Trainee: 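The structure that follows is given in the form of structure tokens.
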Amino acid sequence: MLILTCPNCGLAVEETELSPGGEAHLERFGPTSSDDAFEEYLFLRDNVKGVHFERWRHAYGCGKWFLAARDTATLQVFGTYSAQTKAPPPDILAAIKKGKNT
Amino acid sequence: MRRFSAFAIAREALRNHEGWGRTWAKRPPKARYDVIIVGAGGHGLATAYYLGKNFGITNVAILEKGWLGGGNTGRNTTIIRSNYLQDPSAAIYEKARSLYEGLSQDLNYNVMFSPRGVIMLAQTHHEVRGYKRTAHANSLQGVTTEWIEPKRVKELCPIMNIDGPRYPVLGGLWQARGGTARHDAVAWGYARACTDMGMDILQKCEVTGIARDGGKVTGVQTTQGDIACDKLGVVVAGHSGVLAQMAGFRLPLESVALQALVSEPVKPCMDVVVMANTVHGYMSQSDKGEMVIGGGTDGYNNYTQRGSFHHIEETLRALVETFPMISRLKMLRQWGGIVDVTGDRSPILSKTPVDGMYVNCGWGTGGFKAIPGSGWGMAELIAKGHSPLTEAFGMERFREGRFIDESVAAGVAH
Ligand SMILES: Cc1cc2nc3c(=O)[nH]c(=O)nc-3n(C[C@H](O)[C@H](O)[C@H](O)COP(=O)(O)OP(=O)(O)OC[C@H]3O[C@@H](n4cnc5c(N)ncnc54)[C@H](O)[C@@H]3O)c2cc1C
Ligand SMILES: [Zn+2]
């Protein structure tokens, strides 16, 4: 069972308490943008085999969103961080580089 | 290739079965092929087969990183049906279903196609309306399906409890000519027919790079060396995103785990396939007597070929109400596959931004049933550059907003 720590309430919770929300750090585009940008935002995904930055919601808990770095080929979790971030923070990147969880 | 026949069986019986030979040939790769297909699952092998059979293109190699049929083709629950809502889907799935009817004869290999009938249960009023609509659409498309009342459902599948309490059976969409087939045999049969036409099947040959020159594909890098080609067909299901990345573009899909499980074998008690989309579960009985059960996908990206255990519990919990007898069964095995799910839940059979490179993917949770039709259309697309069967499934549809919205018809994995 996947266990992630919600950075909002600090609890380490099992995946049954969470809702997955797909790839993180997507740039949002609205109706006035080009077709290309809109397609990118809505449909195109990196779908990486490796470290994936992704959104989760602590649905059956505090209800808040957060982000996680998780390897899709091993299920190793490198850490979780605030949803109010545009890019993965340095401690998460360092953990990935070291191959260890934060 | 030695043909299978009653005479051959008699002959081999008299000489200790020593004359059967290999099912497919083992040869080293050539330096160049007209067409390279990546992925020896059902869709890749069928594509190669119809390239040879329908278009006479036989200088073809099929490259497989693992073993032939070891991907989703060897992991699915083998449900075959063509009762979809949208016209392009009905066309390709019905082409596939009708090819399945004659496939054993065509390949001279028993794929054990069993048209035992498929019921899709309606357990909410929303589903009643949805399936009646599908039945009407199917009759316009020339696909034989029928709306049936609860009494008929019970007659077709007596082990079912149709009275609820939470999800009473309100009727069903019945496709009498749907059913199941032996998944491994489909891969093996196509592989045997491909090598018989002189094609090469290279196992343990992983594609690690895609060579291009001026926007055109020129070959692939593999764990068995570089191989050149004129055209490249990428048919790798869950790994499609990885291959697209090698060629410098992205696809509108994500890879997630889908699981299935089987019970201990019991005496024959169910001779139809039943799907219950509202509770996210479906079941049939294998020839060995095991109850074959599947459910929904995990919600997060995954390449590990195993899924979350709680999904199994949820699937069984849901099915026990409709099939009370399974509460007494022991479950024997569980496994997972990595399925490629697109934005509109329909497949992609398409040209790509790289000239000469084609993709066939996005079959997600339900592509076993489509193997012959997909191979037929994909072969035409590669040979001629277009095919009526694949036309609506181009990857540009996401950009243009021309979705093939089957998310209702494919709401559960099957
Ligand atoms: C549990 C489960 C139940 C299912 N139930 C049903 C069902 O009841 N009915 C139905 O119609 N469908 C069902 N499906 C879906 C169905 O199995 C798939 O849609 C179908 O098998 C896909 O076939 P394929 O040939 O495209 O892919 P695969 O069989 O997965 O073949 C792709 C191949 O590509 C190879 N490959 C990947 N990367 C590389 C590389 N770099 N180099 C070389 N080779 C590579 C893989 O090893 C693999 O063998 C189910 C799937 C699962 C997982
Ligand atoms: Zn929380």
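Small disclaimer: the values here were computed from a predicted structure and weren't measured. Every chain is numbered from 1, with letters handed out A, B, ... down the list of sequences.
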Trainee: Please determine, among A:T16, A:D36, A:T74, A:D35, the option with the most heavy-atom pairs under 4.5 Å with chain B.
Mentor: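 Highest number of heavy-atom pairs under 4.5 Å: A:D36.
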Trainee: Counting N and O atoms only, with roles assigned by atom type, does the side chain of B:N301 sit under 3.5 Å from a partner on the main chain of A:N47, one being a donor and the other an acceptor?
Mentor: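 Looks like no, no N/O pair under 3.5 Å.
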Trainee: More than 12 foreign heavy atoms under 6.0 Å from CD of B:E313: is that the case here?
Mentor: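 No, not enclosed.
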Trainee: Once rounded to the nearest 0.5 Å, what's the spacing between atom CD of B:E254 and atom CD of A:E54?
Mentor: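 Going from the CD atom of B:E254 to the CD atom of A:E54 covers 9.5 Å.
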Trainee: What part of A:L2 gets closer than 4.5 Å to chain B, counting heavy atoms only: side chain, backbone, both or neither?
Mentor: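 Side chain only.
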Trainee: Taking side chain as everything from C-beta outward and backbone as N, CA, C, O, which of these in B:Y300 sits under 4.5 Å from a heavy atom of chain A? Side chain, backbone, both or neither.
Mentor: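 Both parts, backbone and side chain.
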Trainee: What part of B:I338 gets within 4.5 angstrom of chain A, counting heavy atoms only: side chain, backbone, both, or neither?
Mentor: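 Contact with chain A: none, neither part.
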Trainee: Would you give the length of the straight line joining atom CZ of A:R70 to atom CG of B:N302, rounded to the nearest 0.5 angstrom?
Mentor: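 CG of B:N302 is found 6.5 Å from CZ of A:R70.
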Trainee: What's the separation between atom OG1 in B:T342 and atom CZ in A:R45, rounded to the nearest 0.5 Å?
Mentor: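 Nearest 0.5 Å value for the OG1-CZ distance: 12.0 Å.
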Trainee: Counting neighbours of NZ on B:K216 that are heavy atoms of other residues, nucleotides or ligands and sit closer than 6.0 Å, is the number greater than 12?
Mentor: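 More than 12 within 6.0 Å, yes.
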Trainee: Return a table of donor-acceptor pairs under 3.5 angstrom between the side chains of residues 241-250 of chain B and protein atoms on other chains or two or more places apart.
Mentor:
from	atom 1	to	atom 2	distance (Å)
B:R250	NH1	A:D46	OD1	2.7
B:R250	NH2	A:E40	OE1	3.3

Trainee: Please flag which part of A:E14 lies under 4.5 Å from any non-hydrogen atom of chain B: side chain, backbone, both or neither.
Mentor: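 No part of it gets close to chain B.
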Trainee: Tell me, for A:S19 versus chain B, whether the close heavy atoms (under 4.5 Å) come from the side chain, the backbone, both or neither.
Mentor: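 Neither part, no heavy atoms under 4.5 Å.
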Trainee: With only heavy atoms counted, which part of B:H239 is less than 4.5 Å from chain A, the side chain, the backbone, both or neither?
Mentor: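 For B:H239, the contact with chain A is made by the side chain alone.
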Trainee: Select, from B:G343, B:G299, B:S255, B:S308, the one with the greatest count of heavy-atom pairs under 4.5 Å involving chain A.
Mentor: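 Max contact count across the listed options: B:S255.
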Trainee: Heavy-atom count check: over 12 atoms from other residues, nucleotides or ligands less than 6.0 Å from B:W335 CH2?
Mentor: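 Enclosed.
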Trainee: For B:R397, which atoms come within 4.5 Å of any heavy atom of chain A: side chain, backbone, both, or neither?
Mentor: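 Contact with chain A involves no heavy atom of B:R397 at all.
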Trainee: So which heavy atom on B:L251 is nearest to which on A:L44, and how close?
Mentor: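 Of all heavy-atom pairs spanning B:L251 and A:L44, the closest is C-CD2, 3.8 Å.
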